[in-house]
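Naming convention: chains lettered A, B, ... in sequence-line order (proteins, then strands); numbering from 1 in each chain. Below, each value reflects all heavy atoms present in this structure, side chains not excepted, and no hydrogens, waters or symmetry copies.
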Amino acid sequence: MLLNEFLLLGAALFSIGVYGVLARRNGVMVLMSIELILNAVNINLVAFGALHGTVAGQVFALFVITIAAAEVGVGLAIVLMLYRNRSSIDLDEIDAMRG
Amino acid sequence: MVVGATMVAQHVAFAIIAAIVIIGALRVVTTNNVVHAAVWLVAVLAGVGASFLLLGAEFVGVTQILVYIGAIVVLFLFGIMLTRAPVGGEVRLTARNWPVGLVVALPIAGVLAYTLIDAFGADHLPNNTRQLTSAVADSLFQTYLIPFEVVSVLLLAALIGAIVLARKD
């Protein structure tokens, strides 16, 4: 198989994730888009590991999965606190720091 | 002959997986129903896990299914329920400035695609990329032992941080 098949899949997933982070207005949806980005990274890591025949890519992918789990836990806690304080997780309305 | 048939099967499998992942990802970022977005996210994560299996990374593939679909998606569903998002109905979930996202994402996709095709256009993966779980375990507990321990401390810190942030005082 071509290496590029996987790399281009990762690139497409990454771009869709970037669009989601910028275009969504619900806090939970932004976190989901970040998951898409992290998955794109994992595809690249595992693909390059397969290309070079080392397990390092897989090990790093496991680290990324772990950190993604931690990130979602803390991120959802932050979104939850936002909801508790403002009764809304609409990111369009969170403009207290606008100059 | 057998190798050729296997390669055709791999390409067909990859095409199916890629279609599921791309369509699912597009639905995740465009659907107006939060629960549907979470379900489409399951499709994307399963597709990525299948592509790991296709690359011969069996342990990462299984971990992807267990951790992402088993834990993270459930966490997302909890987040959706706890923030009282309109579970059944459709609401506008896309921000007013969504064209900005398009303006950023499309050039990123273009530049990435051009660079990847330019740099790795001719690279073929080896015929057998399978890597045993035991090899991953050896690497994890020898070469990467200290990062592994640091990651577990990070996970503990995130756990405590999430509890501290989310509990009611």
- Message: Check this for me, if you would: do B/Glu58 and B/Arg130 make a salt bridge, where the nitrogen-to-carboxylate-oxygen distance has to be below 4.0 angstrom?
- Response: yes
- Message: Does any backbone or side-chain atom of B/Leu75 lie under 4.5 Å from a heavy atom of chain A? Answer side chain, backbone, both or neither.
- Response: both
- Any donor and acceptor pair, going by atom type alone, linking the side chain of A/Gln58 with main-chain N or O of A/Gly49 inside 3.5 Å? no
- Is the shortest heavy-atom distance from the side chain of A/Ile94 to the side chain of A/Leu82 under 4.5 Å? yes
- Contact winner vs chain A - B/Leu102, B/Leu116, B/Ile108, heavy-atom pairs under 4.5 Å: B/Leu116
- Would you mind checking which part of A/Ser88 comes under 4.5 Å of any heavy atom in chain B, side chain (CB onward), backbone (N, CA, C, O), both or neither? neither
- For the side chain of A/Ser15 and the backbone of A/Ala11, is there at least one donor-acceptor N/O pair under 3.5 Å apart? yes
- Inter-residue atom distance B/Asn33.CG - B/Ile80.CD1, 0.5 Å rounding: 8.5 Å
- Query: Looking at B/Ile17 and B/Gly47, what are the two nearest heavy atoms and their distance?
  - Reply: CG2-O, 3.2 Å
- Query: Of the listed residues (A/Ile78, A/Val18, A/Leu31), which shares the most heavy-atom pairs with chain B below a 4.5 Å separation?
  - Reply: A/Leu31
- Message: I'd like to verify something: which residue of A/Leu91, A/Thr54, A/Val59, A/Ile67 has the highest number of heavy-atom pairs under 4.5 Å with chain B?
- Response: A/Val59
- Query: Any idea which of A/Val21, A/Val79, A/Leu80, A/Ile65 has the most non-hydrogen atom pairs under 4.5 angstrom with chain B?
  - Reply: A/Ile65
- Quick one: what part of B/Leu132 sits under 4.5 Å from any heavy atom of chain A, side chain, backbone, both or neither? neither
- Item | Residue-level contacts of residues 65-74 of chain B with chain A, using a heavy-atom cutoff under 4.5 Å | B/Val67, B/Tyr68, B/Ile72
- Query: Are A/Leu9 and B/Val48 side-chain neighbours, meaning at least one heavy-atom pair lies under 4.5 Å?
  - Reply: no
- Item | Side chain, backbone, both or neither of A/Ala40 within contact of chain B (heavy atoms, under 4.5 Å) | neither
- Top contributor to chain B interface from A/Ala56, A/Gly17, A/Ala12, A/Ala23 [non-hydrogen pairs under 4.5 Å]: A/Ala23
- Message: Is the shortest side-chain heavy-atom distance between A/Val28 and B/Phe76 below 4.5 Å?
- Response: yes
- Could you check which of A/Ile16, A/Leu7, A/Leu22 has the highest count of heavy-atom pairs closer than 4.5 Å to chain B? A/Ile16
- Test item: A/Leu62 and B/Val136 side chains (from C-beta on) under 4.5 Å apart, heavy atoms: yes
- Message: With a 4.5 angstrom heavy-atom cut-off, is it the side chain or the backbone of A/Leu2 that approaches chain B, or both, or neither?
- Response: both
- Note on the structure: In terms of heavy-atom pairs under 4.5 Å with chain A, the winner among B/Thr129, B/Thr94, B/Val44 is B/Thr94
- Query: Of the backbone (N, CA, C, O) and the side chain (C-beta and beyond), which part of B/Ala38 lies under 4.5 Å from a heavy atom of chain A, both, or neither?
  - Reply: both
- Message: Side chains of B/Leu54 and A/Met1, heavy atoms from C-beta outward: is any pair under 4.5 Å?
- Response: yes
- Message: Please check: side-chain N/O of B/Asp118 versus main-chain N/O of B/Tyr114, any donor-acceptor pairing under 3.5 Å?
- Response: no
- When the 4.5 angstrom heavy-atom criterion is applied to A/Met32 and chain B, the contacting part is both
- Give me the ring orientation class for A/Tyr19 and B/Trp98: parallel if the planes are under 30° apart, tilted from 30 to 60°, perpendicular past 60°. perpendicular
- Message: Looking at every heavy atom in both B/Ile20 and B/Ala43, which two are closest together, and how far apart are they?
- Response: CG2-O, 3.8 Å
- Item | Toward chain A, the part of B/Pro147 with a non-hydrogen atom under 4.5 Å | both
- Note on the structure: Pair count under 4.5 Å, heavy atoms only, with chain A: among B/Ala57, B/Gly24, B/Gly56, highest is B/Ala57
- Query: Is chain B contacted by the side chain of A/Thr66, its backbone, both, or neither, given a heavy-atom distance below 4.5 Å?
  - Reply: both
- Query: How long is the span from the CG atom in B/Leu41 to the NE2 atom in B/His36, to the nearest 0.5 Å?
  - Reply: 14.0 Å
- Taking B/Pro126, B/Ser152, B/Ala157, B/Gly161 one by one, which has the highest count of heavy-atom pairs under 4.5 Å against chain A? B/Pro126
- Query: If you count heavy-atom pairs under 4.5 Å between each of A/His52, A/Arg84, A/Met29, A/Glu71 and chain B, which one has the most?
  - Reply: A/Arg84
- Considering only heavy atoms, give the residues of residues 138-146 of chain B separated from chain A by less than 4.5 Å, sorted numerically, with 'none' for an empty result. B/Ser139, B/Leu140, B/Tyr144
- Max heavy-atom pair count under 4.5 Å with chain A, selected residue of B/Leu112, B/Leu26, B/Asp123, B/Ile22: B/Asp123
- Any chain of hydrophobic side-chain contacts (each under 4.5 Å) joining B/Leu106 to A/Ile37? yes
- Query: Side chains of A/Phe6 and A/Val46: closer than 4.5 Å at any heavy-atom pair?
  - Reply: no
- Message: So for B/Val28, is it side chain, backbone, both, or neither that comes closer than 4.5 Å to the heavy atoms of chain A?
- Response: both
- Give a yes or no on whether B/Trp40 and A/Ile34 share a hydrophobic cluster (residues Ile, Leu, Val, Met, Phe, Trp, Tyr; joining criterion: side-chain heavy atoms under 4.5 Å apart). yes
- Query: Which bit of A/Phe14 is near chain B, if near means a heavy-atom gap under 4.5 Å: side chain, backbone, both or neither?
  - Reply: side chain
- Which answer fits A/Leu76, side chain, backbone, both or neither, if we ask what part of it has an atom under 4.5 Å from a heavy atom of chain B? side chain
- Message: Counting the benzene-type ring for Trp, do B/Phe120 and A/Phe48 have ring centres under 6.0 Å apart?
- Response: yes
- Task: Grab the two heavy atoms, one from B/Leu125 and one from A/Ala47, that are nearest each other, plus how far apart they are.
- Result: CD2-O, 3.9 Å
- Between CE of A/Met81 and CZ of A/Arg86, what distance do you get to the nearest 0.5 Å? 12.0 Å
- Query: Where on A/Asp90 is there a heavy atom nearer than 4.5 Å to chain B: the side chain, the backbone, both, or neither?
  - Reply: neither
- Do A/Glu93 and A/Arg25 touch side chain to side chain, with heavy atoms closer than 4.5 Å? no
